[in-house]
Amino acid sequence: MSSTLEAQDTERAASAACFDFSHIAGELEESRRRLSAVFETVQVGIVIIDAETHTIVDANPKAVELIGIDRENMVGAVCHCFICPEKVGSCPITDQGLRIDNAERRLLRGNGETITIVKTVARVRLHGRDHLVESFLDISDRKKAEEELKESEERYRDILDNANDLIQSVDATGKFIYVNSAWKRTLGYSDEELASMNIFDVIKPCCQSHCANMFAQLKSGQKIPRVEVEFLAKDGRSIILEGSINCNTNEGQAISTRGIFRDITERKLMEAELMQSEDRYRKLFENAPEAIVVQSEGRYLCANKEASNLFGLENPEDLVGKSIFTFVHPDFHGMVLERIQQIKETGEACPLRESRIVRKDGAIIDVEATATGIIFQGQEAIQVMLRDITERKQVEAQRRELNARLEKMVEEKTRHLKEAQAKLIQSEKMTTLGEVIAGAAHELNNPLAGILGAIQMLRSNALAHPIDSELMEGIDVLESIESAAVRCQKIVEDLVRFTTQVRCNFSEMDINQVLKDTLEIMEGPFKEQKIEVKLHLDPAVPPIEGDFVKLLEVYVNLLQNAKSALPNGGRIDISTRLMTKYGEQPQLAVVIKDNGCGIPPQNMGKIFDPFFTTKPAGKGPGLGLTVSYGIIKRHGGDIDVQSTVGKGTEVTVTVPMRQQMRSSQIIG
């Protein structure tokens, strides 16, 4: 108490000394020294300013330190330059009459900077003049710390409010202390609604018992690293949350809990959908009607039952771990590697491609496969679907074979139809020609008979007279006329044979023997012309019913035509065989082929016409093929001629094996 009174006396003495310093000398010297010591050592800046001139009268070391100007340069200077940032004429104390008592202000330093201070200004009279005693304390560090704390709190609150996670703080009774924006946005409650709500109001009833146990554990000091709970949103939706909760205690008493949660509702739905999808995929994989295998790094990872059946294995597990080339046919190893590389580089699925596999039992089957990249058990893999197409390939081969046969049959039938059409035209032409020739033959026979009769009469009369040279000349003329008439008569007989119905004497005969006899007849002329003849007679051809003499005539005519096509020698091939035309009974075919000059295309349609010949005049009337055509038609057969100029001619004569009528048959 005495020390306090002594201090008060000292302060009064110091105050009295400020007002009348010159009159105080002795008794207050000690007080002056104490005041001076305080002035010099106090950690508060103190400056004394003349209130009228605003010049600095004195400043203690702390003030000099804070202002940053030497005392010598400071004393006598105007305070507006160093201390007060206000302009001249705007002094808060002298001009505005304000009172500054422990107020937060700005201090102007000598380098132009300002710092935050707490200032107190008192008016005193020194040496009869008003002075201002300003004391100030630097609080810039404290302000900086406060600002940093404020910024930290703002950042912390900003982080909490802008966090995507749901953050809440609940007191020991379950009342909400704080929830962030994400919490309110997710659950839909307002601050006003939360003010009257308890934490158990938002916990789904099925989770309340579990949550109550957790709160009890937290209050007892236990730690719960992970929490999964369902909250009820304002609109009734169930929100599944996952997070952590800790407890804030004071002297062992639970004060509040803090929880950070993440909305995993969508993830839970996705997990449920994923489980359903995986279950569907598993069932589809296992029960698929096609073989499915999954492989990675050249080995099978899994396979379904159809795959094991396809490869000839007992169980799908027998395929796991085996090289993918174990069952791939060697011809397709390169293609498989190419498809794997393509999937790895592009990530796109490979389309259907055909290949082959070798089953466990060694059987080779055709398959078609498609492949796509997948993720299997966390690693990149390739899923391959295979389908057995062996049966389909067989059906396709059969279909192609059938199509080829049908096309061949259609082609053959078309050719036959064309041939039939040409032969019908030829037959009609022959019929017309036959009618014309029959009439002409009838008209020629009478004059020829008269001529021959007259010649015989003239010869008889001439022989009745003595023979002289003149008579011999006349007889020679008559013989020439008779020879010409006989020749004409022979032609008329050939025409009659072509145009009239002739009886054919059918009997069982060997066509090969007919050809051998024909060749004997033509052997001499062929040797003279240096023509080589090769026989290719099929000994298995059965006997046929035909007219031996007339068929012999046909083949002689054909060989004579072949000889005419080989004036400088050549080769003739004669062959026999059985042949079957579309829709007809088997027939016997005789083929006569030469390598002669051939028949020009413009003559092909005329070769069976009567009197058509390419031989010089007098070398034949041109009835050989015409008569031969008639004989073969009477046998129910046909003659087909194929020729290429410069390469030769091929004549095919076909006759049926049996005649519909026996020897009594009459064919026109």
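Fair warning: this is a prediction, and the values are worked out from it, not measured in the lab.
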Donor-acceptor pair, side chain of [X] and main chain of [Y], under 3.5 angstrom:
X: Q208; Y: I203; value: yes
X: S643; Y: G648; value: yes
X: N180; Y: I167; value: yes
X: R339; Y: A349; value: no
X: Q587; Y: G637; value: no
X: R356; Y: P330; value: no

Grab the two heavy atoms, one from [X] and one from [Y], that are nearest each other, plus how far apart they are.
X: I382; Y: A371; answer: CG2-CB, 3.9 Å
X: V320; Y: C302; answer: CG2-CA, 4.0 Å
X: P316; Y: A303; answer: CB-O, 3.2 Å
X: V645; Y: P600; answer: CG2-CA, 3.6 Å
X: E230; Y: S238; answer: OE1-OG, 2.6 Å
X: L551; Y: G546; answer: CD1-CA, 4.4 Å

Measure the spacing between [atom1] of [X] and [atom2] of [Y] and express it to the nearest 0.5 Å.
X: L386; Y: E290; atom1: CG; atom2: CD; answer: 9.0 Å
X: I240; Y: C207; atom1: CD1; atom2: SG; answer: 9.0 Å
X: K223; Y: Q217; atom1: NZ; atom2: CD; answer: 14.0 Å
X: E297; Y: E380; atom1: CD; atom2: CD; answer: 9.0 Å
X: N595; Y: L566; atom1: CG; atom2: CG; answer: 5.5 Å
X: R262; Y: L166; atom1: CZ; atom2: CG; answer: 10.5 Å

Any idea how F311 and Y300 line up, ring-wise: parallel (<30°), tilted (30 to 60°), or perpendicular (>60°)? tilted

Using 30° and 60° as the class boundaries, would you call the ring planes of H635 and F506 parallel, tilted or perpendicular? perpendicular

Considering only heavy atoms from C-beta outward, does the side chain of [X] approach that of [Y] to under 4.5 Å?
X: R634; Y: K550; value: no
X: F327; Y: L310; value: no
X: Y555; Y: I574; value: no
X: I592; Y: T649; value: no
X: V336; Y: S355; value: no
X: Q168; Y: F231; value: yes
X: M509; Y: V514; value: yes
X: M657; Y: L578; value: yes

So, [X] versus [Y]: side-chain donor-acceptor pair below 3.5 Å or not?
X: N403; Y: E407; result: no
X: D640; Y: T654; result: no
X: D263; Y: T186; result: no

For [X], does the [atom1] atom have more than 12 heavy-atom neighbours from other residues, nucleotides or ligands under 6.0 Å away?
X: Q602; atom1: CD; value: yes
X: E228; atom1: CD; value: yes
X: R405; atom1: CZ; value: no
X: D538; atom1: CG; value: yes
X: E314; atom1: CD; value: no
X: K322; atom1: NZ; value: no
X: K563; atom1: NZ; value: yes

Begin from the C-alpha positions of I343 and T372 and carry the test side chain to side chain contact (heavy atoms under 4.5 Å, CB included) through to its verdict. CA-CA 7 Å; I343 293 174; T372 183; 5.8 Å; no

Please lay out, stage by stage, how D318 and S308 fare under the test side-chain hydrogen bond (donor to acceptor under 3.5 Å, both in side chains). CA-CA 8 Å; D318 297 337; S308 62; over 6 Å; no

For L337 and F325, run side chain to side chain contact (heavy atoms under 4.5 Å, CB included): C-alpha distance rounded to whole Å, both residues' side-chain angles, the deciding distance at 0.1 Å, then the answer. CA-CA 10 Å; L337 289 174; F325 297 110; 3.4 Å; yes

Using salt bridge (Lys or Arg N to Asp or Glu O under 4.0 Å) as the criterion, list what pairs up with D388, not counting sequence neighbours. none

For R299, which residues count as a salt bridge (Lys or Arg N to Asp or Glu O under 4.0 Å) partner, sequence neighbours excluded? none

Evaluate V294 against L301 for side chain to side chain contact (heavy atoms under 4.5 Å, CB included), listing each step before the verdict. CA-CA 5 Å; V294 178; L301 301 180; 4.3 Å; yes

Please assess E354 against R387 for the test salt bridge (charged side-chain N to carboxylate O under 4.0 Å, His left out), listing each intermediate value before the final yes or no. CA-CA 9 Å; E354 291 186 6; R387 181 183 300 148; over 6 Å; no

Are E520 and K516 close enough for a salt bridge, meaning some N to O gap below 4.0 Å? no

Where at least one partner belongs to residues 351-401, residue pairs that pass ring-ring contact (aromatic ring centres under 6.0 Å, His included), sequence neighbours excluded: none

Between N309 and E306, does a side chain to side chain contact (heavy atoms under 4.5 Å, CB included) hold up when you go through it step by step? CA-CA 5 Å; N309 293 337; E306 284 299 318; 4.0 Å; yes

